[in-house]
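Just below is one structure, and these are the notes that go with it.
Along the sequence shown, residues carry numbers from 1.
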Amino acid sequence: MTRSTSPHRSKRHRRTMLILYHKHPTSARTRFLRFAHGGICDCGPLPPEADLTPPPALCTHPLLVLRAAAMNLGLPDDGLMPNASFRCGLRIGSHEEQVHLGQFAGIDPPIDQVTACGARFVDLVQARGQPPIELKLLRMAYEHVLG
């Protein structure tokens, strides 16, 4: 398959988005990463016209995107783990995106590293000022994480 015909480069699936979280193994406290741009998806704030859709049949494996995110956050390659059972679709205009969920590895969240990148961890209650589409995504992710 040539680069121009790759399904990951087509107009229909232009990128894979990530929602990152840390769940403490003892207390189960779950916090999500709010990126420096203010949104909860790594790609940037979501536009108001964004809407949830079923996940696409073919998806990019989240490990590829998680490694890039770990590098951008100054984490080791194994600093993020995929939550492969979570997949979500998102429509932005005529484009369908895919959303994956990644978990920070380790007992404690890497607060220093994410703060150095301008990001911070927030509890679900602290995210209530996010746009409605981001709140829907957070609710779905939170329900999935807690089972």
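- In this structure, T30 contributes its side chain and A28 its backbone to a donor-acceptor pair below 3.5 Å.
- Using a 4.5 Å heavy-atom cutoff, the side chains of I92 and D51 are not in contact.
- Note on F86 and L124: same hydrophobic cluster, where clusters join Ile, Leu, Val, Met, Phe, Trp and Tyr whose side-chain heavy atoms are under 4.5 Å apart, directly or indirectly.
- Residue M140 is grouped with residue V99 when hydrophobic side chains (ILVMFWY) are merged at heavy-atom distances under 4.5 angstrom, including chains of intermediate members.
- Counting only distance, with no hydrogens or angles, the side chain of E134 and the backbone of I40 share a donor-acceptor pair below 3.5 Å.
- Counting all heavy atoms, side chain and backbone alike, P76 lies closest to A70 at O-CB, 3.6 Å.
- Residues L137 and C41 approach most closely at CD1-SG, 4.0 Å, considering heavy atoms.
- A heavy-atom distance below 4.5 Å is not found between the side chains of L33 and L18.
- Atom CD of Q113 and atom CG of L75 lie 5.5 Å apart (nearest 0.5 Å).
- Scanning all heavy atoms of the two residues, the minimum distance from V145 to K23 falls at O-NZ, 3.4 Å.
- Counting only heavy atoms from C-beta outward, the side chains of V122 and R120 approach each other to under 4.5 Å.
- In this structure, P131 and L46 have side chains that are not in contact, with every pair of non-hydrogen atoms separated by 4.5 Å or more.
- In summary, of the residues considered (F32, F104, F35, Y21), a ring-ring contact (aromatic ring centres under 6.0 Å, His included) with F121 occurs for F104 alone.
- When all heavy atoms of A36 and C117 are compared, the closest pair comes out as CB-O, 3.5 Å.
- In this structure, the side chains of L80 and L20 come closer than 4.5 Å at one or more pairs of heavy atoms.
- Between the side chain of H100 and the backbone N or O of C88, no donor-acceptor pair lies under 3.5 Å.
- In this structure, C43 and H37 approach most closely via the heavy-atom pair C-NE2, 4.3 Å.
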* For the pair L90 and I133, evaluate side chain to side chain contact (heavy atoms under 4.5 Å, CB included) and give the outcome as yes or no after the intermediate values. => CA-CA 9 Å; L90 195 65; I133 188 63; 3.9 Å; yes

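- At a threshold of 4.5 Å between non-hydrogen side-chain atoms, the residues D77 and M71 do not count as touching.
- Residues I107 and T26 are not in side-chain contact: their nearest non-hydrogen atoms beyond the backbone lie 4.5 Å or more apart.
- Under the 3.5 Å distance criterion, with hydrogens and angles disregarded, no donor-acceptor pair is assigned to the side chains of Q126 and R34.
- The environment of CG in L146 is crowded: more than 12 heavy-atom neighbours from other residues, nucleotides or ligands sit within 6.0 Å.
- Between H144 and L101 there is a side-chain heavy-atom pair separated by less than 4.5 Å.
- Rounding to the nearest 0.5 Å places NE2 of H24 at 8.5 Å from CZ of R31.
- To the nearest 0.5 Å, atom CG of residue L135 and atom CZ of residue R128 are 10.5 Å apart.
- One hydrophobic cluster holds both M17 and L52 under the rule that ILVMFWY side chains link at heavy-atom gaps under 4.5 Å.
- The closest donor-acceptor contact from the side chain of R29 to the backbone of D123 lies at 3.5 Å or more, if one exists at all.
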